[in-house]
Amino acid sequence: MSIVLELLGMNKIEENLINAINKALKTRFDFEASEGMVMVEIPKDKTNGDYSTNIAMRLTKVLSKRPQDIVNELKEELLKENKDIEAVEIAGPGFINFRMKKASLTSTIKTIIDAGDNFGQTDTNKGTKVCVEYVSVNPTGDIHPGHARGAAIGDSLTRMMKKTGYDVTREYYINDAGNQIDNLGRSIYVRYHELFGIEKPFPEDGYHAKDIIDLANYIKNEVGDKYVNVEYADCAQYFKETGTKLELDKLKADLELYGVEFDVWTSEKTLYARNLVLSALDKLKESGLLFENEGATWLRTTEYGDDKDRVLVKSDGSYTYFTPDISYHLDKFNRGHERLIDILGADHHGYIARLKAAVKALGKNPDNLDVIIVQMVRLLKDGEEFKLSKRSGKAIALRDIIEEAGVDATRYFFVSKAANSQMDFDIDVATKKSNDNPVYYAQYAHARMCSILKNDIAYEVKDVYPLIENDKEAQLLKQLNEFPNVIEECVEYQEPHRMCNYIQKLASLFHSFYNECKVIDRDNMELTKERLALVKASEIVLKNALYLIGVSAPEQM
RNA sequence: GUCCGAGUAGCUCAGCCGGAUAGAGCAUACGCCUUCUAAGCGUACGGUCGGGGGUUCGAGUCCCUCCUCGGACGCCA
């Protein structure tokens, strides 16, 4: 491990244990373990030591020995190799349990305090360019709970990816060129005329939501009666462009309020302007998978595992949604991204196969495109389901939820559950602002830490803390030490919700420590200064963890 | 019908790619503030991990099958 990594806060204790085990295996059995084969974990039951490994059980076949015999042969070597180990024991079906010297666990305090906001940062994926696309709500309406969930997951995941060294581009794809924009324009056009008392037929696929009337009002204020009784065809561009811009402004404002950011906003329209759609079609033509049928141009996606072939150019000459999206993905690769991640709603899952097939047809590796599907959110209010119709005009939008539950609770709620399981969003519970909400539990722990740190005694920074030896302290230390590992796992499995489990556990261990260990004791200043350092380290980690899920860390509550 | 996801405590959900007696929170019951924030801590109660087979030292986790729920199967986006 490099010096840089240590400064940044890699998990030294576990790394050293793994190294010792690997060395002992080599020395005693001449066995070279593959990367990642030896793993250590913190046993659920603390009577099983500070750390444990299942390597003895995994090697029974390879070495043709019983776990007990393996451990007996390794034991001395391990103690010799790693001086931080207090004792090595075998337990259960063949776990090797390690009890660590108390002082060695405390070395993590200095590591954390020195690293500060950077604790948890590693360079595991350093330099890898990756593009993550999420939200991408059409500029025709509001952000709804399903989108809000994807936004929370995407934003949190990208924050974590950066922590592991990824060069992340956070990207939003603006669908500002399809049929839906025409429907938007027509809908505003009709509402605009209604404001002048003129009835026009509402478009069949129009948007009935109230905010369309707001847009019409805005336009009326801007241009007065300029477009009254002008044929739609003659002012379509104005209504489409103005509507798109206003809707997009609203989306941006809502996302900013929500703490969700993007580096690049890519407009579908500019894909055409930059000629990317045609050049993508040319590229597909080279693949030999394009064919004509009934006046339309198709891509033979079945060649690469899709259920059926897909239309790219309709018989009327216009493109399907798929076509510019293909060129968009090609562009993302061409901009130097080694990996692409799309975070899509569950209703898009059927889209994955054709998208991957298209990527393959473009000569790119479909394995470099990951699609995370975020399952549906069912809205409940007064025990009844709320339909998530964008056009019903009565669906609840992100900003309504934020208004009632706050950004922190909303983001926590959405990110805390695995993306691939459906969830119910009970408005009544989410807006209750009661102690039921786990976000308060974690924030309260942080406020408590800050409260303790606000006094005239300074915490002490040193290599080891000999007075910190209480069992609650040891558990807290081990949890703090886990933080970089948790980030890595969240990123590796693309499951940011694991961070919430970590946060709850950390908060719980801290509250428990708080109740058992009085930190400030003016009759024992040495212990006080050491414990204050532990509290400071806890505060740093909890704040960093909350940041990764976009939740604030209040200093008082 | 085909494909994808889900099914774990009364409720909401975890379960770290096969490990130790399956865990939290809420709810219920009982304890703990003259002490750094009681939005807290502790104890108890609560489970045929949807059903049935299989793989092996070992399965909530992997394979097969069936059941239930949600979603997707457009020249819509």
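Keep in mind that what you see is a predicted model, and the values were worked out from it rather than measured. Residue numbers start from 1 in every chain, and the chains themselves are labelled A, B, ... in the order their sequence lines are given, proteins ahead of strands.
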Is there a side-chain contact between [X] and the phosphate of [N], meaning an N or O under 4.0 Å from OP1 or OP2?
X: A/Arg354; N: B/rC73; value: no
X: A/Tyr514; N: B/rA38; value: yes
X: A/Asn420; N: B/rA6; value: yes
X: A/Ser512; N: B/rG42; value: yes
X: A/Asn179; N: B/rA77; value: yes
X: A/Tyr321; N: B/rA77; value: no
X: A/Lys314; N: B/rA77; value: yes
X: A/His349; N: B/rA6; value: no
X: A/Lys44; N: B/rA20; value: yes
X: A/Lys472; N: B/rC41; value: no
X: A/Ser416; N: B/rU12; value: no

Any donor-acceptor pair, under 3.5 Å, between the side chain of [X] and the base of [N], if you only look at N and O atoms?
X: A/Thr320; N: B/rC75; value: no
X: A/Gln422; N: B/rG71; value: no
X: A/Asn97; N: B/rA20; value: yes
X: A/Ser52; N: B/rA20; value: yes

What nucleotide among [options] has an atom nearest to a side-chain atom of [X]?
X: A/Tyr441; options: B/rG40, B/rA14, B/rG15; value: B/rG40
X: A/Tyr440; options: B/rA39, B/rU12, B/rG40; value: B/rA39
X: A/Val311; options: B/rC16, B/rC75, B/rA77; value: B/rC75
X: A/Gln556; options: B/rC73, B/rU37, B/rG40; value: B/rU37
X: A/His497; options: B/rA14, B/rC16, B/rA39; value: B/rA14
X: A/Lys417; options: B/rC36, B/rA77, B/rA14; value: B/rA14
X: A/Arg448; options: B/rA14, B/rC16, B/rA38; value: B/rA38
X: A/Ser315; options: B/rC75, B/rG5, B/rG15; value: B/rC75

For [X], report the nucleic acid contact type (base, sugar-phosphate, nothing); a contact means any heavy atom under 4.0 Å.
X: A/Glu516; answer: nothing
X: A/Ala445; answer: nothing
X: A/Lys454; answer: nothing

Identify the heavy atoms of [X] and [Y] that sit nearest to each other, and give their distance.
X: A/His144; Y: A/Ala397; answer: CD2-CA, 4.1 Å
X: A/Met160; Y: A/Ile487; answer: O-CG2, 3.7 Å
X: A/Tyr328; Y: A/Glu133; answer: CE2-OE1, 3.4 Å

**Prompt:** 5'-most contact on RNA chain B: A/Pro43 or A/Met39, nearest heavy atom basis?
**Reply:** A/Met39
**Earlier contact from the 5' end, RNA chain B, for A/Lys518 and A/Ala177** = A/Lys518
**Asked** Would you say the side chain of A/Leu289 lies within less than 4.5 Å of the side chain of A/Trp298, judging by non-hydrogen atoms?
**Response** no
Whole angstrom value for the distance that separates [atom2] of [N] from [atom1] of [X]:
X: A/Tyr351; N: B/rG5; atom1: OH; atom2: C1'; answer: 20 Å
X: A/Glu268; N: B/rA77; atom1: CD; atom2: C1'; answer: 9 Å
X: A/Arg66; N: B/rG58; atom1: CZ; atom2: C1'; answer: 17 Å
X: A/Asp306; N: B/rC4; atom1: CG; atom2: P; answer: 13 Å
X: A/Met423; N: B/rG71; atom1: CE; atom2: P; answer: 16 Å
X: A/Asp316; N: B/rG74; atom1: CG; atom2: P; answer: 18 Å
X: A/Phe425; N: B/rG70; atom1: CZ; atom2: C1'; answer: 19 Å
X: A/Arg498; N: B/rC13; atom1: CZ; atom2: C1'; answer: 15 Å

**Message:** More than 12 heavy atoms of other residues, nucleotides or ligands under 6.0 Å from NZ of A/Lys285: yes or no?
**Reply:**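 Open: at most 12 neighbouring heavy atoms sit under 6.0 Å from NZ of A/Lys285.
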**Item:** Polar side chain donor-acceptor pair, A/Thr124 to A/Glu488, under 3.5 angstrom
**Value:**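 A pair is found: one side chain offers a donor N or O, the other an acceptor, under 3.5 Å apart.
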**Request:** State, without any angle test, whether A/Glu294 and A/Ser315 hold a side-chain donor-acceptor pair at a distance under 3.5 Å.
**Result:** no
**Request:** Indicate syn or anti for B/rC33, taking the glycosidic torsion and treating anything within 90° of 0 as syn.
**Result:**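 Syn for B/rC33; the angle stays within 90° of 0.
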**Item:** Ionic contact status for A/Asp50 with A/Arg99, cut-off 4.0 Å
**Value:**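 A/Asp50 and A/Arg99: not salt-bridged.
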**Asked** If the P atom of B/rU28 is compared with that of B/rU35, how far apart are they to the nearest Å?
**Response** 28 Å
